[in-house]
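Have a look at the structure below, then the notes.
The structure displayed is predicted, hence computed values, not measured ones. In what follows, chains carry the letters A, B, and so on, assigned in the order in which the sequence lines appear, proteins first and then strands, with residues in each chain numbered from 1.
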Amino acid sequence: MSLPGGRAASAPLLGHEIEPTIFELSVAGRSAYQLRTTEIPETALSDFLPREHLKTKSVALAEVSERDLVGHFTRLSHRQFSVDLGAYPLGSCTMKYNPKFCDAVAADPGLNSVHPGVPASLSQGWLELLVSLEDKLCAITGMAAATLQPAAGAAGELTGLLLMRAYHEANGDQRTRVLIPDSAHGTNPASVTLGGYEVTTIPSNDRGLVDLDALKAALGPDVAGIMLTNPNTLGLFEEEIVEIAEAVHEVGGLLYYDGANLNAILGVIRPGDMGFDIVHMNLHKTFATPHGGGGPGAGPVAVSSRLVEFLPGPRAARREGGGYFWSTPDHSIGRVHGWHGNAMVLARALAYIDVHGGEGLTRVAQHAVLNANWLRERLRATLPAAYDRVCMHECVLTATWLKNEYGVRGLDVAKGLLEEGFHSPTVYFPLIVDEALMFEPTETESLQTLESLASSIERIAERAKTDPEGLHHAPQSTPVSRVDEARAARHLIATEDAAAR
Amino acid sequence: MSLPGGRAASAPLLGHEIEPTIFELSVAGRSAYQLRTTEIPETALSDFLPREHLKTKSVALAEVSERDLVGHFTRLSHRQFSVDLGAYPLGSCTMKYNPKFCDAVAADPGLNSVHPGVPASLSQGWLELLVSLEDKLCAITGMAAATLQPAAGAAGELTGLLLMRAYHEANGDQRTRVLIPDSAHGTNPASVTLGGYEVTTIPSNDRGLVDLDALKAALGPDVAGIMLTNPNTLGLFEEEIVEIAEAVHEVGGLLYYDGANLNAILGVIRPGDMGFDIVHMNLHKTFATPHGGGGPGAGPVAVSSRLVEFLPGPRAARREGGGYFWSTPDHSIGRVHGWHGNAMVLARALAYIDVHGGEGLTRVAQHAVLNANWLRERLRATLPAAYDRVCMHECVLTATWLKNEYGVRGLDVAKGLLEEGFHSPTVYFPLIVDEALMFEPTETESLQTLESLASSIERIAERAKTDPEGLHHAPQSTPVSRVDEARAARHLIATEDAAAR
Amino acid sequence: MADYLPHTLEETQQMLSFLGMDSLDQLFAHVPASVRLAQGLDLAPGMSEPDVAAVFAAYSAANTGQLSQLTCYAGAGAYDHEVPAVVKMLASRSEFVTAYTPYQPEVAQGILQAIFEFQTMISRLSGLPVANASLYDGATALVEAVNMAAGATQRHKMLISAGVHPHWRAVVKTFARGTGHEIIEVPLKDGVTDWASADPSDAAAIVAAYPNYLGVLEDMSAVKALSISSGGLFVMCADPLAAGVLKTAGDWGADVFVGEGQPLGTALSFGGPYLGLFACTHEQIRRLPGRIVGETLDSNERRAFVTTLRAREQDIRREKATSNVCTNQTLMAVTAAIQLGWLGTQGFAEVATRSARAAHYLQNELVQIPGVSPVSTQPFFREFALRLPRSASGVLEDLVGEGILGGLSVESLAGVSDPSIDGDTVDVVLIAVTEKRTRAELDRYVEILRKVLS
Amino acid sequence: MADYLPHTLEETQQMLSFLGMDSLDQLFAHVPASVRLAQGLDLAPGMSEPDVAAVFAAYSAANTGQLSQLTCYAGAGAYDHEVPAVVKMLASRSEFVTAYTPYQPEVAQGILQAIFEFQTMISRLSGLPVANASLYDGATALVEAVNMAAGATQRHKMLISAGVHPHWRAVVKTFARGTGHEIIEVPLKDGVTDWASADPSDAAAIVAAYPNYLGVLEDMSAVKALSISSGGLFVMCADPLAAGVLKTAGDWGADVFVGEGQPLGTALSFGGPYLGLFACTHEQIRRLPGRIVGETLDSNERRAFVTTLRAREQDIRREKATSNVCTNQTLMAVTAAIQLGWLGTQGFAEVATRSARAAHYLQNELVQIPGVSPVSTQPFFREFALRLPRSASGVLEDLVGEGILGGLSVESLAGVSDPSIDGDTVDVVLIAVTEKRTRAELDRYVEILRKVLS
Ligand SMILES: Cc1ncc(COP(=O)(O)O)c(C=O)c1O
Ligand SMILES: Cc1ncc(COP(=O)(O)O)c(C=O)c1O
């Protein structure tokens with residue numbers, strides 16, 4: 001085996017100087033901007049705008065030279081971990097490699113300089129692209145049609161719940177509850193609430209799966225549907241999904257698929273075939289569009305045929321005989337985005353899908369699952385799995401024994417990993433696992449990287465025995481050492497002006 | 001004054017892990033490349049190429065995934081200081097800010113996808129651009145015409161010397177010597193030698209300038225010319241330049257201007273007006289094209305009218321009545337580059353000149369000189385100047401007293417500065433100054449950055465008193481600590497294969 | 001077959017052996033066979049990157065509305081402003097692009113500090129003390145504002161000026177299906193909201209736009225007065241660039257500012273990703289949707305940044321949450337911070353001034369053309385609506401033939417009839433002007449429109 | 001007025017006061033007035049970036065020979081190969097782009113290690129044990145090789161095959177004006193060097209090209225034999241891509257390899273910046289021109305890289321130097337390392353194979369066209385010369401009308417008569433094919449050429 005490769009081995013994140021804010025770099029009178037010469041007569045503002053609208057004092061922004069602007073943001077970038085620097089096994093987030101080709105596609109002015117309000121006749125390429133993406137997402141999920149408008153996963157969830165609502169309402173059916181397993185991601189219950197439903201929480205059984213009996217007990221004619229992610233947030237496949245689907249459908253409910261974990265089943269299992277009616281996808285996870293430090297994402301929602309008429313509009317559609325146009329479904333719930341969704345993210349995802357094709361996507365899922373299982377097995381003695389069996393694309397491990405024996409918590413392990421040059425796993429999620437550490441290696445990390453990650457974790461576990469205090473204070477070699485989160489919430493300082501006071 | 005801004009304050013260069021080489025990351029059978037589908041019949045090589053030419057074993061390159069390729073080179077980039085990270089006061093190198101606009105210009109496929117061999121009819125835009133640049137470089141230097149072919153400063157020097165030779169030869173004049181001051185950059189004597197001349201070194205006087213008497217004594221009918229940079233490498237202006245020019249011209253010699261220091265005089269003084277006949281420019285210095293970690297640069301050579309007929313060709317030229325064509329001067333010395341020079345560097349430099357215009361370039365020189373003088377004055381008590389008077393765009397300071405009193409050498413100061421988040425100045429150059437530290441702040445660094453740099457130097461001087469040993473071992477916080485240069489030369493390991501043996 | 005996996009065949013085998021398996025299929029053995037795909041996906045085979053590039057080049061070529069081909073006067077929230085190479089370069093640094101949400105602050109100070117700087121800038125240009133780290137876009141930011149108002153007032157009635165962008169109004173209505181808010185659109189008269197026509201009592205929010213989507217500057221003190229009298233929150237939707245010359249939301253006394261941040265450094269991008277801006281008063285801070293970055297100290301007492309007040313967020317309060325936003329538009333927020341850093345105080349004012357000046361120059365010329373009249377006689381910022389002598393979409397098509405994207409037809413934005421326009425919308429065109437337009441371009445627009453209409 | 005200076009007026013004043021001055025002019029007071037410009041430069045006033053962008057857009061538009069408009073068969077050392085987005089992205093990281101030469105190894109490990117990897121790759125593809133960190137381009141690399149040979153042999157006679165690129169031969173001749181080398185061009189017959197026509201005795205170097213510039217693969221063992229018998233160094237100029245399928249310089253026994261590295265990841269760039277490649281045997285290592293990076297240890301005994309053997313360089317030996325190269329083409333070397341990393345063993349072989357295959361497919365078809373004949377009947381790699389029934393430049397012009405950049409006329413490269421071509425060059429076209437060309441494109445070339453010639 002060659003040397004470990006996935007570590008941020010050059011330790012870009014070490015060091016002990018802070019970077020001043022841009023406001024601290026500001027010097028009155030300095031500037032960087034350059035504008036075109038227009039030769040438009042330089043009339044005074046007050047010549048054409050009434051005084052009562054005019055600001056009396058300029059908005060004070062930072063005043064820096066272009067050189068300082070570049071230095072500042074380049075240095076900030078050196079204070080930021082990223083996929084391109086090292087392995088990022090953050091569970092539930094699918095931090096796989098983002099192909100640069102897809103970014104190049106999105107940088108084409110032929111795509112990104114098109115105004116969203118131009119008539120369809122001027123944006124035929126875009127409409128074709130959107131139709132192609134919609135078709136492919138439907139093929140992947142086993143659904144009939146999709147909206148591409150939602151800007152992220154949570155937006156997709158809420159859109160899906162509004163579709164659920166529209167469907168029931170069209171049937172004259174007033175339903176009030178949506179079921180959610182206790183392992184669900186936080187956005188699920190929030191979306192349900194905003195969708196105007198009440199949440200009924202379904203407990204997990206001792207295998208980490210939906211307790212089918214509890215589910216059945218909770219079902220009734222007032223149940224609008226259930227939201228599930230499968231594999232669930234424990235990385236485990238809901239093996240009784242067919243029974244679940246039957247039970248929910250039986251009472252007239254719909255099944256919503258939270259596609260955040262779609263990476264596990266791409267080309268192997270389709271949500272439609274499991275009985276789901278509504279599926280959102282996180283293109284910024286499964287389809288490798290980069291996450292941008294917290295967005296933009298894209299959360300298209302695909303639905304089975306009985307829900308198509310409710311989809312948001314306008315949607316790009318193929319015209320018989322050639323060409324594309326915008327069309328809005330008859331009983332559309334309306335727009336869920338100011339324009340057509342995060343178009344440049346959609347373009348990247350389509351490029352990703354086109355490169356892979358069906359077979360390539362299947363390989364993605366297979367190797368994502370392979371990597372997660374290998375890591376789980378490799379760490380068996382160090383951090384046992386919360387549920388000890390084959391997992392899907394991620395595994396939830398627990399640091400309970402380290403806490404009990406040495407007082408080292410999951411958080412300490414996570415922070416220790418930062419010092420080792422890896423990003424931490426997701427901690428304390430899902431809530432139902434004690435000292436949870438959720439690892440999602442993704443398919444783009446190599447065996448060598450996984451081995452290196454596992455060794456680092458072993459080193460941390462060793463250190464827990466001899467130097468638990470050290471781990472409580474980890475990380476120290478990062479741009480800042482352990483951050484006082486409580487303090488930030490106690491005295492909120494959300495702007496430089498608040499800081500200055 | 002606001003907080004210091006020029007430091008690589010996030011200390012991107014700290015840390016203690018090495019990055020494996022790409023060969024160590026390699027795993028047989030892995031790959032990243034993707035090629036177009038061509039549908040050309042897949043005949044075997046041996047069907048169309050004789051066996052005696054075919055390689056029996058593939059060239060072994062690294063085999064990595066795209067993900068590892070990206071991780072590797074991104075991590076390497078985090079082990080590299082650069083202008084965009086912080087101040088880079090490296091004397092003689094003019095490490096000013098490189099406007100991103102100029103890079104964007106060079107990224108236009110309308111420029112960079114043109115094959116150099118296409119007929120002039122297909123590259124009219126390029127020819128126009130080259131003519132525009134040549135015109136402007138001539139206006140800046142006060143010369144009649146220029147060649148844009150030389151790929152860097154040293155290539156320009158040699159080209160200039162060959163022009164000198166061609167001129168004398170055309171006059172039936174066999175001259176053998178070229179004069180060079182003892183403060184000259186190492187490329188100057190090397191170029192003279194390759195130009196087929198002998199070097200006569202002219203000593204500097206106690207003001208750090210060419211000793212006019214010594215110069216006159218060295219002159220004679222066998223002198224082909226003199227190479228000077230003005231300001232010289234001490235950052236001092238040769239105040240007797242008019243007398244020097246007269247004396248050299250008197251004996252029939254030519255004056256060569258090494259334009260590496262042109263930044264000091266842009267729009268204030270023109271080499272032509274000082275009596276120079278041949279001028280090379282370092283576009284990667286004065287005209288802010290980025291240095292690329294050691295190139296590409298561009299070293300155009302401009303000449304006075306009596307040398308135009310000897311310039312390398314082909315040169316782009318304006319056709320009477322419109323349009324552009326290639327033309328080669330009658331007595332051209334021939335090509336000095338495989339094609340037309342470093343065209344994309346030339347394009348950047350033209351963009352830089354066009355943004356500034358004449359007045360902007362003057363401001364560049366004025367502020368470059370202002371910054372250098374401010375720094376010199378500010379450090380007066382810490383590192384005295386080798387020659388204590390107004391300097392031009394750079395100043396040569398000396399650490400002699402630190403060496404004498406604490407055993408801390410100029411190199412230690414330079415290495416200490418790395419730890420402070422600044423790049424070092426140039427050390428031990430020019431050779432005629434003891435413990436030389438040559439600072440060139442350039443005009444794009446702010447007063448705040450200069451102040452911060454000065455404070456760091458003061459801190460180092462303080463440390464010299466209490467912790468000279470520490471400074472001998474500096475830097476420690478960089479990606480690697482002080483490097484054993486002698487060892488590298490003793491046992492040459494220039495490839496991974498040599499390393500493996 | 002192209003993909004980005006590192007696994008060699010041997011490695012896959014080796015890893016399977018480690019798991020005691022001999023095929024990849026076995027990893028899925030516990031999945032009921034009935035839900036496993038027998039044949040694989042119904043998708044075309046994978047293509048290499050250059051092959052896919054060719055497909056995308058065709059999409060690109062089919063978009064005949066690219067800015068390289070047309071001079072742009074389209075606006076309605078999406079504007080053709082200068083975004084310099086330096087901003088694009090910095091915003092595309094891969095540390096920013098390929099990071100996740102800053103969950104581990106120790107290794108995410110880059111993004112966190114950039115957002116902190118962004119929040120400061122948005123706070124200043126909104127004139128309100130706190131801003132969040134971004135929302136999806138202007139329209140969905142307004143949805144959050146309306147929800148915030150409901151939470152603050154425990155009321156559900158929302159008065160929304162028809163001067164708010166038609167798409168935003170549509171989005172608010174869509175999401176009101178879930179929250180059950182009552183959305184009342186207040187019509188415009190001569191381009192100005194006819195607040196007198198609505199009953200403000202019990203309103204949770206009074207939502208106005210400044211400028212409104214027709215570019216008109218309405219008197220916001222009237223809205224403030226309504227909000228005081230009704231007890232509802234004053235939500236001001238504003239073009240963020242307006243603050244370069246016009247009073248801010250804070251100046252007008254608004255409780256909440258929402259805006260579309262696209263003008264702050266983001267390309268037109270066919271409508272996304274854009275940038276939802278949100279700022280509010282201290283009183284509403286615990287209801288602020290989305291993420292917020294706060295300043296704190298690290299264990300060595302050095303300044304550090306961290307996402308804070310996460311108790312507001314879905315990931316903690318779960319079903320009690322008033323917002324479900326998780327992933328937002330961070331990279332656009334970082335871009336906006338860079339763009340505003342590039343502009344600085346002076347550049348920001350200058351872009352706003354130049355845009356307004358150019359818009360007035362153009363409007364003044366266009367209304368001289370016979371048959372062309374302004375929809376409103378009220379003051380406007382850098383966008384304005386004109387009534388043409390014939391269908392706007394037809395006229396726009398003619399202009400495209402001359403290389404001019406002459407604006408947007410209000411019909412395409414708002415439908416044939418909309419409370420923002422007296423009479424039908426068909427003949428109304430909305431024209432936006434940015435600092436990029438030269439006098440020569442504007443004069444040509446006038447000349448060509450005159451020709452097209454004659 | 002646009003510039004990139006940070007100084008505010010107050011700061012300039014403050015800094016001047018610190019120096020006891022009151023104007024910027026005073027900084028230049030010691031400069032004789034007679035050489036100071038009275039009026040400033042005779043240049044147009046500065047323009048803002050977007051204004052300059054418009055000027056450059058016009059240059060761009062006037063270049064009708066862009067690849068987006070033409071299918072490229074031009075070569076002669078500059079080839080249209082695939083360079084993927086990932087390579088461009090990595091090579092444009094500003095840490096690489098805006099660094100200086102790695103004079104301070106402690107903060108330059110990024111560039112140093114990349115060059116070390118590059119040197120290893122060039123060493124392997126040349127089959128020689130050491131490679132340098134780059135030279136300006138292929139042509140100037142050959143100049144250095146010739147100078148090295150002179151140093152090694154203390155002789156001045158250089159035998160250069162006319163199969164070496166005409167521009168390279170020209171450059172060698174130019175620089176020989178200074179060094180005084182005697183340059184003897186050895187003509188080709190049927191595309192192959194007629195070594196028998198030259199006298200090798202006392203030769204410092206025997207320079208051959210593989211493939212030669214007409215694409216032909218000559219027998220290098222003949223050159224090796226000559227070098228042994230004469231005692232001169234065997235300098236092999238090679239297309240670096242050739243090593244993907246063909247024997248390397250090392251395999252043929254060459255002492256020195258020089259090459260043009262453009263095919264390794266650099267855009268056509270109108271001819272520069274390109275990448276001069278240079279590798280040699282252990283014997284010549286102390287004469288290796290340019291920079292070389294070596295491995296060493298840091299003070300904590302960790303592996304580190306540094307530029308080494310600088311005593312060879314001009315900056316130490318000064319007038320004793322045998323090369324004056326200082327700034328070289330590092331960024332292109334780093335780019336090549338990335339591109340070769342992307343290709344890997346298999347991809348490198350594949351690109352070479354596909355290029356050769358496509359070239360043979362096309363040549364085979366073209367020579368069927370009446371009046372078209374090969375200049376040489378010898379084996380070739382991925383480029384070939386054809387004699388046409390009429391002036392090559394005229395034919396190429398006709399092809400451009402059909403969207404095909406059909407190759408280069410040998411006349412434009414080598415002049416009307418050249419020792420590489422029996423008879424005149426006017427009707428000879430040089431055609432290169434890369435892995436990017438599809439069968440459809442090749443077939444279309446054949447069809448159009450047939451049409452054009454009929
Ligand atoms: C399981 C699950 N569901 C939903 C979401 C919400 O997606 P988004 O962040 O795109 O809104 C996430 C993302 O964090 C998730 O992991
Ligand atoms: C004074 C001086 N002359 C000449 C040169 C050589 O220029 P280049 O490195 O571009 O060949 C330099 C650059 O280092 C220099 O500083």
Between Glu435(D) and Arg36(B), does the side-chain contact (heavy atoms from CB on, under 4.5 Å) criterion hold? Intermediate values first, please. CA-CA 8 Å; Glu435(D) 86 290 352; Arg36(B) 200 167 164 186; over 6 Å; no
Is there a side-chain contact (heavy atoms from CB on, under 4.5 Å) between Leu76(B) and Phe96(D)? Walk through the geometry before answering. CA-CA 9 Å; Leu76(B) 282 186; Phe96(D) 297 142; 4.2 Å; yes
Kindly indicate, with the supporting measurements, whether the criterion side-chain contact (heavy atoms from CB on, under 4.5 Å) is fulfilled by His356(B) and Tyr4(D). CA-CA 9 Å; His356(B) 285 84; Tyr4(D) 303 93; 3.6 Å; yes
Could you please spell out the steps behind the side-chain contact (heavy atoms from CB on, under 4.5 Å) verdict for Val130(D) and Leu492(B)? CA-CA 10 Å; Val130(D) 270; Leu492(B) 179 69; 4.2 Å; yes
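Both the backbone and the side chain of His30(D) come within contact range of chain B, judged by heavy atoms closer than 4.5 Å. Both the backbone and the side chain of Leu246(D) come within less than 4.5 Å of a heavy atom in chain B. Only the side chain of Val105(B) comes within less than 4.5 Å of a heavy atom in chain D; its backbone stays farther off. The contact between Leu162(B) and chain D is made entirely by side chain atoms (from C-beta outward), counting heavy-atom distances below 4.5 Å. With a 4.5 angstrom heavy-atom cutoff, Leu194(B) touches chain D via backbone and side-chain atoms both. Contact of Phe28(D) with chain B is made through the side chain alone, with heavy-atom distances under 4.5 Å. Interface remark: Ser123(D) contributes side-chain atoms only to the contact with chain B (heavy atom separation under 4.5 Å). Contacts between Val245(D) and chain B at a heavy-atom distance below 4.5 Å involve backbone atoms as well as side-chain atoms. The parts of Thr179(D) that come within reach of chain B are both its backbone and its side chain, each placing non-hydrogen atoms under 4.5 angstrom from that chain. Heavy atoms of Phe48(B) lying under 4.5 Å from chain D belong to its backbone as well as its side chain. Using a 4.5 Å cut-off between heavy atoms, Pro109(B) touches chain D through its backbone atoms (N, CA, C, O) alone. With a 4.5 Å cut-off on non-hydrogen atoms, Arg437(D) touches chain B through its backbone and its side chain both. Proximity to chain D is absent for every atom of Leu161(B), based on heavy atoms less than 4.5 angstrom apart. Looking at Arg165(B), the atoms closer than 4.5 Å to chain D (heavy atoms on both sides) all sit in the side chain, from C-beta outward. Of the two parts of Asp484(B), the backbone and the side chain both hold a non-hydrogen atom closer than 4.5 Å to a non-hydrogen atom of chain D. Only the side chain of Met95(B) comes within contact range of chain D, with heavy atoms under 4.5 Å apart. Of the atoms belonging to Leu442(D), it is side-chain heavy atoms, and not backbone ones, that fall under 4.5 Å from chain B. Residue His423(B) touches chain D through its side chain alone, counting heavy-atom pairs closer than 4.5 Å. Using a 4.5 Å cut-off between heavy atoms, Tyr361(D) touches chain B through its side chain atoms alone. Using a 4.5 Å cut-off between heavy atoms, Asn328(D) touches chain B through backbone and side chain atoms alike. Only the side chain of Arg93(D) comes within contact range of chain B, with at least one heavy atom under 4.5 Å from a heavy atom of that chain. Using a 4.5 Å cut-off between heavy atoms, Ala62(D) contacts chain B through both its backbone and its side chain. Proximity to chain D involves both the backbone and the side chain of Arg378(B), based on heavy atoms less than 4.5 angstrom apart. Interface remark: Leu408(D) contributes side-chain atoms only to the contact with chain B (heavy atom separation under 4.5 Å). Proximity to chain D (any heavy atom under 4.5 Å) is shown, for Leu54(B), by both the backbone and the side chain. Looking at Ser393(D), there are no atoms closer than 4.5 Å to chain B (heavy atoms on both sides), in backbone or side chain. Both the backbone and the side chain of Asp354(B) come within contact range of chain D, judged by heavy atoms closer than 4.5 Å. Both the backbone and the side chain of Phe73(B) come within contact range of chain D, each with at least one heavy atom under 4.5 Å from a heavy atom of that chain.
Ring pair His291(B)/Tyr100(D) is tilted by interplanar angle, where 30° to 60° counts as tilted. Under the 30°/60° scheme for interplanar angles, the aromatic rings of His167(D) and Trp339(B) are found to stand perpendicular. Between His367(B) and His7(D), the ring planes are tilted. Angles from 30° to 60° get that label.
Side chain of Ser77(B) to main chain of Glu95(D): no donor-acceptor pair is present (N/O by atom type, distance under 3.5 Å, no hydrogens or angles).
Using a 4.5 Å cut-off on side-chain heavy atoms (C-beta onward), Val242(B) and Ser34(D) make contact. Here the side chains of Thr478(B) and Asp298(D) are not in contact, with every heavy-atom distance at 4.5 Å or above. A heavy-atom distance below 4.5 Å is not found between the side chains of Gln124(B) and Thr64(D). A 4.5 Å side-chain heavy-atom check between Pro84(D) and Gln34(B) finds every atom pair outside the cut-off. Residues Arg487(B) and Val306(D) are not in side-chain contact: their nearest non-hydrogen atoms beyond the backbone lie 4.5 Å or more apart. Looking at heavy atoms from C-beta onward, Asp80(D) lies out of side-chain contact with His115(B) at the 4.5 angstrom threshold. In this structure the side chain of Val59(B) reaches within 4.5 angstrom of the side chain of Phe348(D), judged on heavy atoms. Proximity of Met15(D) to Asn371(B): side-chain heavy atoms (C-beta onward) are separated by under 4.5 Å at one or more points.
Side chain to side chain, Glu82(D) and Tyr33(B) fail the donor-acceptor criterion of an N or O pair below 3.5 Å. Side-chain contact, Thr98(D) with Asn98(B): no donor N or O sits under 3.5 Å from an acceptor N or O.
One finds the OG atom of Ser94(D) at 6.5 Å from the CG atom of Leu85(B) (value rounded to the nearest 0.5 Å). Rounded to the nearest 0.5 angstrom, Ser58(B) OG and Arg124(D) CZ are separated by 12.5 Å. Rounding to the nearest 0.5 angstrom, the gap separating the CE atom in Met121(D) from the OG1 atom in Thr495(B) is 12.0 Å.
In this structure, Glu39(B) places its CD atom where only 12 or fewer heavy-atom neighbours from other residues, nucleotides or ligands lie under 6.0 Å away.
The six-membered or imidazole ring of His340(B) lies near that of Phe270(D), with a centre-to-centre distance under 6.0 Å.
Here the closest non-hydrogen pair linking Val35(D) and Ile241(B) is CG1-CG2, 4.5 Å. Smallest separation of non-hydrogen atoms from Leu331(D) and Pro296(B): CB-CD, 3.8 Å.
Between Glu106(D) and Lys415(B), at least one side-chain N (NZ, or NE/NH1/NH2) sits under 4.0 Å from a carboxylate O, which counts as a salt bridge.
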